[in-house]
Engineer: 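Provided herewith is a single structure, encoded as structure tokens, for subsequent inquiry.
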Amino acid sequence: MGSIGQGGALTTAREAGLVACQRCGQVHAMQDTICKRCSGALQSRDTESLQKVWAWLLAGMIAYLPANLYPMLLTSTLTERSESTIIGGVVELVEYGSLGIAAIVFIASVMIPVGKFIAIAYLAISVQRRSMASQHERHKAYEVVEFIGRWSMIDVFVVAILSALVQLDTIATINPGIAAVSFALSVIFTMLSAQAFDSRLIWDADRTQQ
């Protein structure tokens with residue numbers, strides 16, 4: 001938030017000596033440390049934001065590797081036992097003619113996670129390098145990453161539902177593989193990385209170029 005100062009220049013709350021509570025939005029004087037409305041801690045900027053972003057992001061990327069290398073589903077029947085990785089499952093769905101489901105799985109399991117890695121890394125690097133790119137576009141990218149984060153557990157939910165429903169004793173069973181746990185951890189770490197990013201740093205980086 002900001003106001004129009006002299007000469008039409010935009011004055012930020014920080015430059016005006018104000019700080020807003022990140023929990024309820026109440027505005028306080030810069031010297032205040034506790035919100036009078038919700039008792040939350042007041043901080044103009046998270047000075048350790050980028051360190052936390054990179055730490056959680058790297059953890060998410062590391063967890064994402066076994067999520068693609070190891071089986072997501074372990075299927076056992078009377079005659080055979082099969083293991084399906086994420087990409088292997090997409091290929092099988094295509095072979096069976098389920099192109100729509102295959103596309104959904106591929107987008108949710110590959111494109112969205114990789115896109116989130118790239119977007120978060122781009123935002124962190126742009127802030128570190130004081131990028132001249134539009135702050136509005138970068139803020140929109142941050143909002144998109146936060147929005148799609150809540151839909152990133154689709155694969156894990158599907159595996160959990162199948163495991164609960166298909167338990168026919170000795171006839172057939174479906175159990176989650178190591179990849180299901182790794183994928184869930186990757187999603188959680190990526191969400192924490194996005195939440196650790198202080199979006200206000202985007203605007204600070206651009207103002208230092210003026």
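Only this structure's heavy atoms are used, side chains among them; waters, hydrogens and symmetry mates stay out. These numbers come from a predicted model, not from an experiment.
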Engineer: List in chain and number order the residues that pass side-chain contact (heavy atoms from CB on, under 4.5 Å) with Val144, two or more places apart in sequence or in another chain; answer none if no residue qualifies.
Structural biologist: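 Expected list: Ile148.
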
Engineer: Working to the nearest 0.5 Å, report the span between CG of Leu123 and CG of Asp198.
Structural biologist: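 Rounded to the nearest 0.5 Å, the CG-CG separation comes to 12.0 Å.
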
Engineer: Using side-chain heavy atoms (C-beta onward) and a distance below 4.5 Å, is Val110 in contact with Ile87?
Structural biologist: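 Sidechains of Ile87 and Val110: in contact.
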
Engineer: Among Ile120, Ile118, Ile112, find the residue that satisfies the side chain to side chain contact (heavy atoms under 4.5 Å, CB included) test when tested with Val145.
Structural biologist: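 Going through Ile120, Ile118, Ile112 one by one, the side chain to side chain contact (heavy atoms under 4.5 Å, CB included) with Val145 is satisfied by Ile120 alone.
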
Engineer: Please determine whether residues Phe106 and Val114 belong to a single hydrophobic cluster, defined as Ile, Leu, Val, Met, Phe, Trp and Tyr linked transitively by side-chain heavy-atom distances below 4.5 Å.
Structural biologist: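 Phe106 and Val114: one cluster.
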
Engineer: Keeping Thr190 on the side-chain end and Ser186 on the backbone end, is there a donor-acceptor pair under 3.5 Å?
Structural biologist: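 Answer holds: yes.
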
Engineer: Excluding sequence neighbours, so at least two apart, what forms side-chain contact (heavy atoms from CB on, under 4.5 Å) with Gln195?
Structural biologist: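 With neighbours one apart ignored, the set is Glu146, Leu192.
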
Engineer: Could you go through residues 61-74 and list every donor-acceptor pair under 3.5 Å that involves a side-chain atom there, pairing it with any protein atom two or more places apart or in another chain?
Structural biologist:
residue	atom	partner	partner atom	Å
Tyr64	OH	Ser109	O	2.7
Asn68	ND2	Tyr64	O	2.9

Engineer: Should Trp56 and Met191 be marked as a side-chain contact (heavy atoms from CB on, under 4.5 Å) after you check the CA-CA gap, both sets of side-chain angles, and the distance that decides it?
Structural biologist: CA-CA 8 Å; Trp56 287 121; Met191 292 175 65; over 6 Å; no

Engineer: With a cutoff of under 4.5 Å between side-chain heavy atoms, which Ile, Leu, Val, Met, Phe, Trp and Tyr residues group with Tyr96?
Structural biologist: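 Besides Tyr96, the cluster holds no residue at all.
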
Engineer: For Phe183 versus Ala108, what's the shortest heavy-atom pair and its separation?
Structural biologist: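 In this case the closest contact between Phe183 and Ala108 is CZ-O, 4.0 Å.
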
Engineer: Can you name the side-chain contact (heavy atoms from CB on, under 4.5 Å) partners of Ala121, sequence neighbours left out?
Structural biologist: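 side-chain contact (heavy atoms from CB on, under 4.5 Å) list for Ala121, sorted by chain: Trp54, Leu57.
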
Engineer: Could you pull out all residues at least two apart from Ala59 that satisfy side-chain contact (heavy atoms from CB on, under 4.5 Å)?
Structural biologist: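 Testing Ala59 for side-chain contact (heavy atoms from CB on, under 4.5 Å), a comparison that skips the adjacent residues, returns Phe189.
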
